[in-house]
Amino acid sequence: MEFTINKNDIIDVLSKIQGLTGRKSSLAITESLLIKTNSSSITVTATDLETGFEGIYSANIESKGTIAINSRKFYEIVRDFPSNEIRVCETENHWIEIGNQNVQYHIVGMNFEDFPDIPHIEEVDYFEINSIAFIKMIEKTIIITVGSDDKRTHVNGIYFERIFNQDEKKIRMVSTDGSRLALVDYTYDKNIELPQGQAVLIPKKGLGEVSKFLKPTETILIGVQGNNFIIKKDKETMIIRLLEGSFPKYHDIIVKGKAHQIKFDRQLFLMMLKRMSILSSDDYKGVILNFKKNKLMITTTNPDIGESKEDTDINFDGKPMEISFNPRYFIEMVNVIDESHIILRIIDEEKPCQIEGVDDKSFLGVIMPMRI
Amino acid sequence: MILHIDMDAFYASVEQLDNPDLKGKPVMVGGYSKRGVVTAASYEARKFGVHSAMPMFKAKKLCPQGIVVPGRMERYSEISKKVFSLLETLTPLVEPVSIDEAYVDLTGCERILGTPQEVALNIKQRIKEAVDLSCSIGIAPVKFLAKIASDINKPDGLTIITPGQVLNFIESLPIRKVPGIGKVMLKTIEQLGIKTLGDINKFPEKMIRKRFGKFGRRLISLSKGSDDSAVTPHLEPKSVSTESTLSEDTNNLNLLRRRLLKASEQVGRRLRKHRLKTKTISIKIKLSDFKQITRSVTIKEPTGSSKTIYHNAIALLDKYRLPKKVRLIGVGASNLVDSKIPSQRGLFNSGEKIDENWEKVEKAVDDISNKFGKNTIKKAALF
């Protein structure tokens, strides 16, 4: 095979694809890219065995063929290549030549037949969604990270469900680590026809990788086919293998029942939390929120370092309460709310606290207190 | 000055105290099973050459008339507590070394308590009055010499090494008496012609350091009569563990699980006693070929619950495929944190409330055990 590509056409995707090919998998060949020629383009495929990527990029095809080449090395060669035109050519026994008259690389390729199959996509009922909205859904849910040794499926995946009823039509993504929960809705016009289907669990890792490939100003298609979640752009397709497992019944904890509603300036609240979390450590994670009449005092006590306190005026006329929280949880949630003011809904020291923007109700965060 | 107080033949003396029939007779405390060892021997038994850690069958051979009594740890620790609390009325600087041994630092107390000799005689008398047992006391300016001194006139001894006597004492102190020198090291040291601790000074320091590494450095300072280890009152434990040898090697998982249950309860109780929680739970298994295996798991939220410790220990055991029968099994807890540290609540765990309630049950059981003895209340599986 032999083809010539323009550096600018593929440098961006080669850089983004490193997240997938850089991940250790049980097959060594997943560190490689599969490149296949079409009549006037190449198809680049990568996978970490959970998330697959396929993209089509225009190229000058001299002769047909397929190669498997180390992704990292190919990216670095292309990135630092002195000219725009790059010629790639397979010689024999999987040896690959890259270069022009002045620069020459001779690279050991892999046997492309060993490259794992990417699930074949047939007819899928897609949702159309603005890519910026989808990126935000992902960003707001994958803030809840999970330890690499945590095997529980409901914390490794994001719950993707469709809520269709007479009043509204929306898709929802929910994420949790067992102590906190983030929920984002995307509402459609209720007259639009949307595909039905069961709720599914999409791996956080895969969604994180996929969001890199999305540009903010395009319309994309998302859908579920069998065991896979599919994100489709014009020339690029991403396939994430779904997780098998159940997601906890979270509806009880997002009910907006009796609670003290407290409004905060987002930036001030964020800074206050940051100042108070300076003294927290691995062992002493918590800060204490002391609610008194029209006053909130946040205190930190860490026997290894010292103490800190800060107070601020709020609107509060309930019984005084002392509630301990991991401030990092609040900071991460407040960070993804794009409004000037936020609302905290606090019940008591044992019940989850809800957090959302004043106007935009598409995001809801829930945080469980610490046991004092 | 530092005092080292050592109860005389502690377990055996307690047995003789509680059962006057045993007085003046060779008593050997320990297990009678084929693996049993002597944990303590009365002075009458020691005359026959019986000493602690000796296999019981061997002791029986040396001293056929010896009376074997099983140990009663609870009774010993009860008396031990009385002795320690008595020492603590003198000064807070009391460092328990084991159930029957402690260091007391008198520095700065001479004006109140009197001369070290007066204090020592006072301690001996008060222990005699309180628990009717004798002890031996060594007095010296440093810890290691105090310990050696207490061993000199046993039983009921009192030996003082004054600061002026220190160097002379070291000069003639047989090197094998120095704490930390085992059989192997003794051999190397004696090959060098070193017979007493003072002999160390005859060699260039560089050579001693090269030969014995870190311990060499300690030997050099000991040989000059200095010992910078201080008397440290009860340390917060860095880890808690317990293990027990099975009466027979086994691969019976039910039996092993029961052992883990018992061990987990002991570990949990000790954690709660010190108001600590653990983040890392481990099991230790010694196989019939004496090969030792440890497996551990670090949990997200620290726990002080015996139940949680047990569940993690069981999971570790179940994950490990036993290649041989098991000789010894135990549970450990490390990575300890203050139990008052707030812990994160879970959103969905309906089981959390149950765990919280279990912790309350465990605390209540601890209180009952403390008041009425460890065997008054326990898990049905352990009866």
Side-chain angles (χ1 to χ4, degrees), chain A residues 144 146-152 154-155 159 174-183 246-254 280-289 299-304 322-329 347-354 365-372, chain B residues 235-240 268 271-272 274-282 295-305 307-308 311-312 314-316 318-320 333-363:
Chain A
I144 300 184
V146 51
S148 55
D149 53 344
D150 201 329
K151 300 279 179 271
R152 294 172 298 166
H154 71 276
V155 304
Y159 193 61
V174 193
S175 164
T176 186
D177 65 357
S179 314
R180 55 196 164 135
L181 176 139
L183 174 154
S246 58
F247 196 79
K249 292 189 176 55
Y250 66 90
H251 299 95
D252 293 346
I253 59 168
I254 59 160
S280 61
S281 64
D282 259 4
D283 280 342
Y284 296 86
K285 294 191 188 82
V287 298
I288 295 176
L289 274 58
T299 60
T300 318
T301 309
N302 184 335
D304 299 333
E322 264 188 25
I323 313 181
S324 176
F325 285 106
N326 183 335
R328 192 169 60 85
Y329 292 178
I347 304 170
D348 61 29
E349 46 283 298
E350 287 185 15
K351 304 232 168 53
C353 162
Q354 297 180 354
V366 183
I367 301 173
M368 202 62 189
M370 299 182 83
R371 195 182 296 114
I372 307 183
Chain B
L235 288 165
E236 282 266 286
K238 284 205 175 85
S239 67
V240 172
L271 286 175
R272 293 189 293 274
H274 291 282
R275 291 179 211 293
L276 293 167
K277 285 185 175 181
T278 174
K279 277 201 275 194
T280 305
I281 294 154
S282 58
R295 290 286 180 274
S296 68
V297 59
T298 298
I299 52 176
K300 229 176 150 193
E301 288 297 330
T303 185
S305 151
K307 197 169 159 246
T308 312
H311 284 311
N312 282 288
I314 285 286
L316 289 171
D318 288 346
K319 248 199 272 176
Y320 179 67
S334 52
N335 230 334
L336 307 183
V337 296
D338 191 335
S339 67
K340 286 190 297 266
I341 291 177
S343 59
Q344 180 63 48
R345 287 177 188 276
L347 268 175
F348 310 106
N349 321 350
S350 48
E352 192 179 341
K353 194 80 202 165
I354 302 173
D355 282 352
E356 248 182 279
N357 287 339
W358 260 114
E359 275 182 53
K360 280 180 201 154
V361 171
E362 286 176 355
K363 263 179 210 139

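Because the structure is a prediction, the values reported are computed rather than measured. Every chain is numbered from 1, with letters handed out A, B, ... down the list of sequences.
When heavy atoms are compared at a cutoff of 4.5 Å, A:Ile288 does not approach chain B at all. At a 4.5 Å heavy-atom cutoff, the contact between A:Thr176 and chain B is made by side-chain atoms alone. At a 4.5 Å heavy-atom cutoff, the contact between A:Tyr250 and chain B is made by backbone and side-chain atoms alike. Using a 4.5 Å cut-off between heavy atoms, A:Lys351 does not touch chain B at all.
To the nearest 0.5 Å, atom CD of residue B:Glu301 and atom NZ of residue A:Lys285 are 5.5 Å apart. Between the NZ atom of B:Lys279 and the CG atom of A:Asp282 there is a distance of 6.0 Å, given to the nearest 0.5 Å. Between atom OG of residue B:Ser343 and atom CD1 of residue A:Ile372 there is a gap of 10.5 Å, rounded to the nearest 0.5 Å. Atom CZ of A:Arg180 is separated from atom CD of B:Gln344 by 8.5 Å, given to the nearest 0.5 angstrom.
No more than 12 heavy-atom neighbours from other residues, nucleotides or ligands sit within 6.0 angstrom of CZ on B:Arg275. Summarising the local packing, CG of B:Asp318 is surrounded by more than 12 heavy atoms from other residues, nucleotides or ligands at distances under 6.0 Å.
Ion pairing between a basic and an acidic side chain is recognised when a charged N comes within 4.0 Å of a carboxylate O; B:Lys277 and A:Asp283 show no such pairing.
For A:Asn302, the side-chain contact (heavy atoms from CB on, under 4.5 Å) partners are A:Ser281, A:Tyr284, A:Asp304, A:Ile305, not counting sequence neighbours.
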